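A, B, ... follow the sequence lines: proteins, then strands. Residue 1 opens every chain. Predicted, not measured: the structure shown is a model, and the values here were computed from it. Hydrogens, waters and symmetry mates play no part in the numbers below; they use all other heavy atoms, side chains included.
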There are 2 protein chains.
Amino acid sequence: MQMNLSTRQLRAFVALAEERSFTRAAAQVHLSQPAFSALIRSLEEEVGTRLFDRTTRSVELTAEGVVFESSARRVLREAQEALADMRELAARRRGRVSLAVLPALAAGWLPCVLARFHADYPGIELDVADVLSEDCIERLRTGRADLALAATRVNTPELRTEPFCSDGFHLVCRRDHPLAAKPALRLADLAAHPMIQLARNSSVRQYVEAAVYPQQLQTVMELDQLSTVAGMVRAGLGVSLVPALTLFHFDHPDLVTRPLPARGLKRQIFLVRRRDRGLSVAAQAMYEHLMASLPAAHASGARP
Amino acid sequence: MQMNLSTRQLRAFVALAEERSFTRAAAQVHLSQPAFSALIRSLEEEVGTRLFDRTTRSVELTAEGVVFESSARRVLREAQEALADMRELAARRRGRVSLAVLPALAAGWLPCVLARFHADYPGIELDVADVLSEDCIERLRTGRADLALAATRVNTPELRTEPFCSDGFHLVCRRDHPLAAKPALRLADLAAHPMIQLARNSSVRQYVEAAVYPQQLQTVMELDQLSTVAGMVRAGLGVSLVPALTLFHFDHPDLVTRPLPARGLKRQIFLVRRRDRGLSVAAQAMYEHLMASLPAAHASGARP
DNA sequence: CGATCTTACGGGATTCGTAAACATA
DNA sequence: TATGTTTACGAATCCCGTAAGATCG
């Protein structure tokens with residue numbers, strides 16, 4: 001009892017039920033009248049009974065046709081809606097993208113980028129998690145994120161990593177600090193000065209420690225939030241070393257930021273995605289948009 | 001943006017979503033694998049986007065495919081249900097017939113007929129109105145009845161009448177009445193005896209009056225219900241003249257029923273239906289069943 | 001007789017299955 | 001290399017439109 005039914009048959013049926021004329025209904029569905037007649041006949045065979053009583057002068061629904069009409073209209077409408085929904089997704093007029101982005105990028109660089117994305121695709125919902133690298137990866141793994149911008153390279157069978165941008169480090173100190181005016185600033189110059197550091201599990205800290213190794217820095221304090229770091233530096237407790245993308249935190253008249261030579265100390269930002277499944281249409285649009293919006297190599301960070 | 005979508009495509013989609021393998025899904029829908037592949041491709045083109053991420057090793061729904069799946073399943077299910085319902089109607093396993101039948105037929109003859117009909121088509125609902133001829137016709141005209149068995153011939157552009165059966169008349173009297181034993185009973189013999197009559201708007205009364213015209217009968221009483229007539233006759237108030245199909249009302253030891261000669265006094269029962277619309281499948285089945293169950297010409301009426 | 005549905009039929013597009021090519025683990 | 005999907009292609013089928021036929025008012 002394998003049946004087949006097409007929306008064309010249903011459209012023809014509905015048209016005929018409305019027009020009560022093969023000729024007019026055929027025109028409505030852009031078919032010759034005999035072809036239309038055959039279409040109705042095929043539907044009646046499928047259904048197993050006559051749906052219309054036709055004489056040369058009048059066309060009327062049979063009792064069975066009346067019963068079928070409501071079903072036919074409902075099925076047709078739902079099919080059309082389903083298809084229209086899919087086409088909206090395909091046309092990127094609707095959809096949803098979930099991002100997991102390092103807080104530094106999320107606060108400084110991302111807002112303008114997403115604003116432009118939203119202007120291009122106003123119907124696509126955005127879900128941004130501004131979390132540390134580790135959490136970014138976890139969200140990707142559990143499917144809560146489509147794309148992640150994180151600082152850790154992941155090479156598992158399920159995740160795919162590609163370089164996104166690199167981020168030079170800058171010294172942050174008070175305007176009156178000796179290093180603020182030193183001509184050729186180098187990493188080694190920092191050893192003599194007390195440092196305000198970020199927490200050990202932050203990617204920034206790991207980059208810094210790796211860069212000076214085996215040398216060690218004088219850590220006067222460990223903090224979680226960069227805005228707190230800014231306050232401490234302003235208070236003269238020490239200097240700090242942060243990626244260029246986070247410099248907007250230190251945009252203050254009392255503070256000076258000075259770039260360090262990129263070689264040796266440069267953190268890499270990666271774009272990570274799942275390997276097993278492709279990107280949704282919306283996520284693909286986001287991917288392309290992100291790739292076209294790479295932050296300037298040594299940018300001082302866009303302000304929100 | 002004229003779209004077309006067939007249940008075959010939806011079945012293929014659902015099969016592939018379940019099986020996650022073109023080969024297995026193709027087998028499930030009885031298609032060669034390449035043909036199946038083309039079917040999926042056609043659906044994806046219709047929808048406007050990829051629905052499956054396929055590598056040679058794995059087939060998975062895309063994000064869009066996941067969205068489509070629920071719609072596809074719903075549309076497919078509703079289409080199948082609609083078609084199954086129609087086939088049940090066509091197979092006469094379900095349906096509904098509305099009859100309008102003269103009370104005489106409805107009480108005496110119809111029950112056995114409908115019992116057999118119901119045994120043949122247990123899924124078809126029956127709606128019987130046991131009303132007088134006039135009402136039968138009215139129900140037909142307003143669409144509340146599919147078929148009517150009435151005593152009046154109707155020849156309008158909307159109704160079609162065909163003879164169904166004829167019904168001879170019988171005298172009903174008490175066993176001790178003079179007419180009970182009269183050898184050759186004739187219509188003229190009744191003139192001398194007081195009659196219990198039915199109401200003037202009943203078809204029986206009209207037949208009787210027409211048959212004796214221009215002669216007149218002695219009307220001692222007019223009643224609406226035959227069972228009341230039976231009581232009156234038993235009480236010795238008079239005799240009565242009723243169609244054979246109603247004789248079951250007079251099945252009593254004190255009463256005698258005697259047939260009158262059929263010529264001159266015989267009422268015709270007609271089967272009436274609408275002219276504009278055909279019969280539903282169920283009504284057609286009923287029509288054929290009724291035609292095959294014609295009451296015996298001079299039957300004394302089947303007992304319920 | 002006229003308007004309208006059905007049947008007949010030839011041409012063209014679609015779809016099928018087999019076989020070969022291609023891709024990934 | 002083996003499994004499984006896509007491509008290639010000839011054949012069968014289906015579907016369309018034109019033209020002729022049938023039917024009811």
Each nucleotide N or O in nucleotides 19-25 of chain C that has a protein N or O under 3.5 Å away: list the pair and distance.
from: dT24(C); atom 1: O4'; to: T56(B); atom 2: OG1; distance (Å): 3.0

Given atom [atom1] of [X] and atom [atom2] of [N], what is their separation to the nearest angstrom?
X	N	atom1	atom2	answer
F22(A)	dT7(C)	CZ	C1'	14 Å
F52(A)	dT4(C)	CZ	P	17 Å
F36(A)	dG17(D)	CZ	P	12 Å
L39(B)	dC16(C)	CG	C1'	11 Å
R160(B)	dC24(D)	CZ	P	12 Å
L31(A)	dT18(D)	CG	P	11 Å
R50(A)	dC5(C)	CZ	C1'	11 Å
D53(B)	dT5(D)	CG	P	14 Å

Can R144(A) and T142(A) be said to form a side chain to side chain donor-acceptor pair (under 3.5 Å), step by step? CA-CA 6 Å; R144(A) 282 177 298 165; T142(A) 57; 3.1 Å; yes
Find out whether the Lys NZ or Arg CZ of R273(B) is both under 6.0 angstrom from the six-membered ring centre of Y287(B) and within 45° of the ring's axis. yes
Side chains of [X] and [Y] only: does a donor on one sit below 3.5 Å from an acceptor on the other?
X	Y	value
T7(A)	Q80(A)	no
T62(B)	D53(B)	no
S6(B)	R8(B)	no

With a non-hydrogen cut-off below 4.0 angstrom, is S32(A) in contact with a base, only sugar-phosphate, or nothing? base
Could you check whether S58(A) gets within reach of a base, just the sugar-phosphate, or nothing at all, counting any heavy atom under 4.0 Å? nothing
Does R54(B) put a side-chain nitrogen or oxygen below 4.0 Å from OP1 or OP2 of dG4(D)? no
Has R8(B) got a side-chain N or O lying under 4.0 Å from the OP1 or OP2 atom of dC16(C)? yes
Is there a side-chain contact between F52(B) and L61(B) in this structure, where contact means two heavy atoms from C-beta onward sitting under 4.5 Å apart? yes
The side chain of A35(B) lies closest to which of these nucleotides: dT4(C), dC16(C), dT7(D)? dC16(C)
For the salt bridge (charged side-chain N to carboxylate O under 4.0 Å, His left out) test, which of R96(B), R93(B), R94(B), R92(B) pairs with E125(B)? R96(B)
